[in-house]
Amino acid sequence: MARLVTKFKYLKPNQKTSIGGYATYIATREGVEKIDESFKLAPATVKQQTLIEKILLDFPDSAAMLEYEDYQREKTAGAASEFITRAIEDNAHEILNQKTYADYIGTRPGAERFGSHGLFTDDGVHVKLKEVSQELNAHQGNVWTLIISLRREDAERLGFNTGARWRDMLRTQTQALSDSLKIPMNHLKWYAAFHNESHHPHVHLLAYSTAEKEGFLTKQGVAKLRSSLAKDIFAQDQFCIYEKQTAYRDELRLQSKQRIAEIVSGIHTGSYQNPQVEQLLWRLAVRLSKTKGKKVYGYLKADVKALINAIVDELAADERIAALYDLWYEEKEAALRVYTEALPKRIRLSQNQEFKSIKNAVIREALTIEVNQPSNHQEEVRIMEENAVRPSHQITTHRNRELSLGGLRLLRYLASIIQNRAEDAYRNSKIGIDRKLKRKIEEKKQAHGLKQG
């Protein structure tokens, strides 16, 4: 089972009369961690203002505190709380027994400090639970809900055992949430609450758009958001997986480039013994010799790309390369298993964009093949190239091509025999002519009394 479990739902307007109640429930139910501190952004309460006046009256030097300077500038509940706490601590020896201060100290470490609920959202936004509930009940668009759950051991190990950690993480995921739901960032609203359950700590999240007709979530959107969450939550684990995957990828690329270089070198020296790969490389070399412009994979025509893909797939059958490709895929699947059990089907090496550089290595090596040099494959390549540009109904079957190539080899052999016999006949006739001429010359010398021989 996946280590990160997510559950997506959405509620239509006519189905969610109690969505506001749902928000209240997840924000206040037993087990929720009341981490909301957005109350600090609200204006200072009357009780706080009264207490600050008394502190300044009883301890005038408190006006020199940095906390008081912050309070004067902001006048928020958070700034007031910081000043009051510091002033009481500095003068604790004098005021612990005074009822006014004692009452504040006794009540403060509850709702006023930590908030009365666990709902949180973007940083700097004051969450008023009652207003959120009313807004959701009145909302006439879809509302999406998401539950994100971990095993306790993973939460403890990765530091996701506190509401503050979940809050900070989700605040970095708002762009991913916006993209997945197809809601512009300036229209996106979301709220979440952390439930620190003993076995499976989890977060409830609500999201919707202020433009009520906006937003939809596809399977691709779900997968994208799960991936984004997994990369953040399991960043430490994923880093180790990606390191191994990168190492296998780099080694596979290197081995593939070395192997294609070995093959082309073997073709040059006549020592390579795989006719199928040799023929593919000769065909590619001929096509590249006729190609203008950039000779890189992305700029080539479809038929040339098909030749390159066929060569890469032949390379993938190499034992070393096949083993590395399996190892690379195992690490890729390990990363995916963090958040899903639905693993995609493995694809051929030639179709994997991670290894596009291998295709360009094939092109570079093919360009070193001199297509003008004599070769056992050149005539076969020429015929196959001619067939490649004919209409499909004129192209013979694979078997017929084999027969045609066999007949061509036979004709070449017969032509060689005929040529050799013609040359022998010519030489023999020339020898006969030379003997006849020599005899006539000797007879003339004899008639004139000249020395013979």
### Query
Yes or no on salt bridge (charged side-chain N to carboxylate O under 4.0 Å, His left out) for Arg157 and Asp154, after CA distance, side-chain angles and deciding distance?
CA-CA 5 Å; Arg157 180 173 59 86; Asp154 281 335; 3.0 Å; yes
### Message
To the closest 0.5 Å, what do you measure between CD (Glu131) and NE2 (His126)?
### Response
8.0 Å
### Task
Would you check if the side chain of Glu82 reaches a backbone N or O of Ala79 as a donor-acceptor pair within less than 3.5 Å?
no
### Message
Taking atom NZ as the centre, does Lys231 end up with more than 12 heavy-atom neighbours from other residues, nucleotides or ligands that are less than 6.0 angstrom away?
### Response
no
### Task
Evaluate the salt bridge (charged side-chain N to carboxylate O under 4.0 Å, His left out) criterion for residues Glu333 and Arg346: first the C-alpha distance (whole Å), next the side-chain angles of each, then the deciding distance (0.1 Å), finally the verdict.
CA-CA 10 Å; Glu333 289 167 350; Arg346 293 188 178 189; 3.1 Å; yes
### Query
Under a 4.0 Å N-O cut-off, is there an ion pair linking Lys301 with Asp303?
no
### side chain to side chain contact (heavy atoms under 4.5 Å, CB included) evaluation trace for Thr6 with Leu225
CA-CA 10 Å; Thr6 56; Leu225 186 55; over 6 Å; no
### Query
Are Asp168 and Arg165 close enough for a salt bridge, meaning some N to O gap below 4.0 Å?
no
### Message
Please enumerate all residues that pass ring-ring contact (aromatic ring centres under 6.0 Å, His included) together with Tyr299, with sequence neighbours excluded.
### Response
none
### Query
Looking just at side-chain N and O atoms, do Gln175 and Asp179 make a donor-acceptor pair shorter than 3.5 Å?
yes
### Task
Please determine if Lys305 forms a cation-pi arrangement with Tyr297, meaning its NZ or CZ atom is less than 6.0 Å from the six-membered ring centre and no more than 45° off the ring axis.
yes
### Query
Just by distance, do the side chain of Ser227 and the backbone of Ala223 share a donor-acceptor pair under 3.5 Å?
no
### Message
Side chains of Ser228 and Gln173: any donor to acceptor distance under 3.5 Å?
### Response
yes
### Query
Do Lys189 side-chain atoms and Thr210 backbone N/O form a donor-acceptor pair below 3.5 Å?
no
#### Entry: Salt bridge present between Asp123 and Arg167 (N-O < 4.0 angstrom)
no
#### Entry: Inter-residue atom distance Leu254.CG - Arg259.CZ, 0.5 Å rounding
14.0 Å
#### Entry: Positive for side-chain contact (heavy atoms from CB on, under 4.5 Å) with Val362, one of Ile263, Val312, Val264
Val312
### Task
Taking atom types as modelled, find out whether Asp122 and Tyr191 have a side-chain donor-acceptor pair closer than 3.5 angstrom.
no
### Task
Assign the ring pair Tyr208 / His139 to parallel, tilted or perpendicular, where the plane angle (0 to 90°) is split at 30° and 60°.
tilted
### Message
How long is the straight-line distance from CD1 of Ile308 back to CG of Leu288, given to the nearest 0.5 Å?
### Response
6.5 Å
### Query
Just wondering, more than 12 heavy atoms not from Lys295 lying within 6.0 Å of its NZ?
yes
### Euclidean distance, Ser209 OG relative to Asn142 CG, rounded to 0.5 Å
10.5 Å
### Rounded distance (nearest 0.5 Å) linking atom NZ of Lys47 with atom OG1 of Thr45
7.5 Å
### Query
Quick one: ring-ring contact (aromatic ring centres under 6.0 Å, His included) partners of Phe355, sequence neighbours excluded?
Tyr325, Trp328
### Partners meeting side chain to side chain donor-acceptor pair (under 3.5 Å) with Glu251 (sequence neighbours left out)
Gln255
### Query
Distance from Arg151 atom CZ to Ser149 atom OG, nearest 0.5 Å?
9.0 Å
### Query
Is the number of heavy atoms from other residues, nucleotides or ligands under 6.0 Å of Ile347 CD1 greater than 12?
yes
### Message
Under 3.5 Å, is there a donor on one side chain and an acceptor on the other for Asn196 and Arg152?
### Response
yes
### Task
Assess whether side chain to side chain contact (heavy atoms under 4.5 Å, CB included) is satisfied between Leu56 and Tyr68, documenting all intermediate values.
CA-CA 10 Å; Leu56 293 175; Tyr68 183 65; 3.4 Å; yes
### Query
Would Lys257 and Glu365 pass as an ion pair if we require N to O under 4.0 Å?
no
### Task
Would you check if Lys9 and Lys7 make a side-chain contact, meaning some heavy-atom pair closer than 4.5 Å?
yes
